[in-house]
Number of protein chains: 2
Amino acid sequence: MNPVIDFNSKLACKSCSLLSLCLSTGLNAAQISQLERIVKRTRLLHRNDILFRQDETFHSLFIVKTGSIKTFLPGPETDSEQIIGFYLPGEFLGFDAIQEQSYSCHAQVLETTAVCELPFDQLTELSHEIPDLQQQLFRLLSKEIVDESRMLALLNRKHAEERLAAFLAGLSCRFQRRGFSATDFYLSMSRGEISNYLGLAVETISRLLGRFQDEGLIRVERRHIQILHLDRLHAMAGNDTRTQKRKQASEG
Amino acid sequence: MNPVIDFNSKLACKSCSLLSLCLSTGLNAAQISQLERIVKRTRLLHRNDILFRQDETFHSLFIVKTGSIKTFLPGPETDSEQIIGFYLPGEFLGFDAIQEQSYSCHAQVLETTAVCELPFDQLTELSHEIPDLQQQLFRLLSKEIVDESRMLALLNRKHAEERLAAFLAGLSCRFQRRGFSATDFYLSMSRGEISNYLGLAVETISRLLGRFQDEGLIRVERRHIQILHLDRLHAMAGNDTRTQKRKQASEG
DNA sequence: ATCACACATTGACTTAGGTCAAACGGGGGC
DNA sequence: GCCCCCGTTTGACCTAAGTCAATGTGTGAT
């Protein structure tokens, strides 16, 4: 289920398709190698490991190389935590920590996961020399803002069915963009985590997945999801074609 | 209700307490005057004027000097718009536009409002010379991310009562920080706009405001709000004292 | 291989808040 | 000054989704 990775040697960033995907649009080879020099050793983490904690001093951004991570705000009870986001290969974490110089949430690993660590002060220093890097960082922060405001709209205006459809459609897009199948993937999060993230009850997720399957929209077996009608799923998520195109263009 | 402002002359930024509050923490006088030079003429807008539209090409960030602005994602129907945020004096708009170089939402003025315009390319250029400026910009973006994730948690985990309490408590904090009263202010948005923002029905807002008043928590008459028990309001919003302190510290 | 436990499903019932409808009231336009 | 219209309030009713409870099921530990 998880690809086998060579963890013995430090992976050079140029062999890591992710960094170029994420950061270096517009950077030349020399600039990329400058960037490589500041990347700290790849870290390998296992299910339930904590990458960072709320209030911990901020030093670094992280990029998911393989695996997946959830971020959440803790609540008074264990089950009153609020999941803020799921992070898949090629995605950045830690932007929330810049403001107060400490992380605003916990980040916990959902499955065996490799991350790159980017010390932020070195990154900003370097971005003085490389204007495009600064620009790219601003873009990544900005994307996070846009994504979260779309999520606000989802939670405020959409019913359970549309939320789950949007969630699955979103995962599909993100997997596809990293070269995985858009229609056949494994969820790294439990039903409970999905329901928490979407502001629904576990039972609702369970019933909806069942219904989606009955309707021939998807095939679901435990955490294995196959999307049979991606177009219908997008329609159900309330993405008109125009929105979809715009999103795909921007995410590409 | 609105202070009288001298709109005949361009307001120098140093006379504008806002810029120093918002941007220039840690900037010296020379740097501030560099910054001043790139600020475009203050613009004066009136109720319902559009500051920018979704998909419009991005050139500038804006700061609210006086008045207030809402941002929203348009929906297919007029009433299916989703309000993303309200912006008060001293607050920045436009960060969402960096990613795609076009605004992700509409920004509309709620009352007579003055804004400063900061051309973004000049701002980033300047921030190569002034590291602290770059840092400050990153912080502002980051704050937006944290605020939005708190809002996600609010919408997902809180009931109507807690949402409205949090909304009022939040306004109170923001007014106070700009030197206005924390317990006596006017809402620049309608009940409908509040309900839209909080993901509730107008009727629910109306009923809750009535109930809060009956309970002696607030005095409300049309858009005039007086908070009689700020502590109880914060408690109702689910802000434990610790969270409150941390928030105040960070927002100061 | 077996057990135990956490995750997942399914059904029955409850409820917070939405929807619909009707009445009210204040401020801007004439 | 009067009227109209939009925003607001209030009441009656409805429904989507939550809660509670019971039952299944795959996985990892022993």
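Model, not experiment: these values are computed from the prediction. Reminder, nothing fancy here: chain letters follow the sequence lines and each chain counts from 1.
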**Message:** Going by the rule side-chain contact (heavy atoms from CB on, under 4.5 Å), which residues pair with Ser188(A) if we only count those two or more places apart in sequence or in a different chain?
**Reply:** Ser68(A), Leu110(A), Glu111(A)
**Whole-Å distance separating the CG atom of Leu208(A) from the P atom of dA16(D)** = 12 Å
**Message:** Could you work out, with salt bridge (charged side-chain N to carboxylate O under 4.0 Å, His left out) as the rule, every residue matching Arg211(B), not counting sequence neighbours?
**Reply:** Glu161(B), Glu215(B)
**Asked** When the distance from CE of Met189(A) to C1' of dA8(C) is rounded to whole Å, what number comes out?
**Response** 16 Å
**Message:** I'd like to check Leu200(A) versus Ile205(A) (side-chain heavy atoms, cut-off strictly below 4.5 Å). Are they in contact?
**Reply:** yes
**Complete:** For His159(A), the side-chain contact (heavy atoms from CB on, under 4.5 Å) test, sequence neighbours excluded, returns Glu162(A)
**Message:** Under 4.0 Å, heavy atoms only, any strand: does Gly210(A) hit a base, just the sugar-phosphate, or nothing?
**Reply:** nothing
**Item:** Sequence-aligned protein contact record of nucleotides 16-25 of chain C, with B where the base is within under 4.0 Å of a protein heavy atom and S where only the sugar-phosphate is
**Value:** -SSBB-----
**Ile225(B) CD1 - dT8(D) C1' separation (whole Å)** = 13 Å
**Glu148(B): partners by salt bridge (charged side-chain N to carboxylate O under 4.0 Å, His left out), with sequence neighbours left out** = none
**Message:** Can you measure Leu164(A) atom CG to dA16(D) atom C1' for me and round it to whole angstrom units?
**Reply:** 15 Å
**Message:** Among residues at least two apart in sequence or on other chains, which ones pass salt bridge (charged side-chain N to carboxylate O under 4.0 Å, His left out) with Glu203(A)?
**Reply:** none
**Message:** Base, sugar-phosphate or nothing for Ser190(A)? Non-hydrogen atoms, less than 4.0 Å.
**Reply:** sugar-phosphate
**Prompt:** Within this structure, what is the CD1-to-C1' distance between Ile194(A) and dA17(D), rounded to whole angstrom?
**Reply:** 17 Å
**Fill in**
One would report the end-axis bend of the helix from dA1(C)-dT30(D) to dC30(C)-dG1(D), five pairs per end and rounded to 10 degrees, as 50°
**Complete:** The complete set of ring pair (Phe, Tyr, Trp, His ring centres under 6.0 Å) pairs with one or both residues in residues 196-216 of chain B, sequence neighbours excluded, reads Phe86(B)-Tyr197(B), Phe167(B)-Tyr197(B)
**Item:** Ser206(A): side-chain contact (heavy atoms from CB on, under 4.5 Å) partners, not counting sequence neighbours
**Value:** none
**Prompt:** Charged N to carboxylate O under 4.0 angstrom, Lys70(A) versus Glu81(A)?
**Reply:** yes
**Message:** Without decimals, in angstroms, what is the distance between Gln213(A) CD and dT9(C) P?
**Reply:** 10 Å
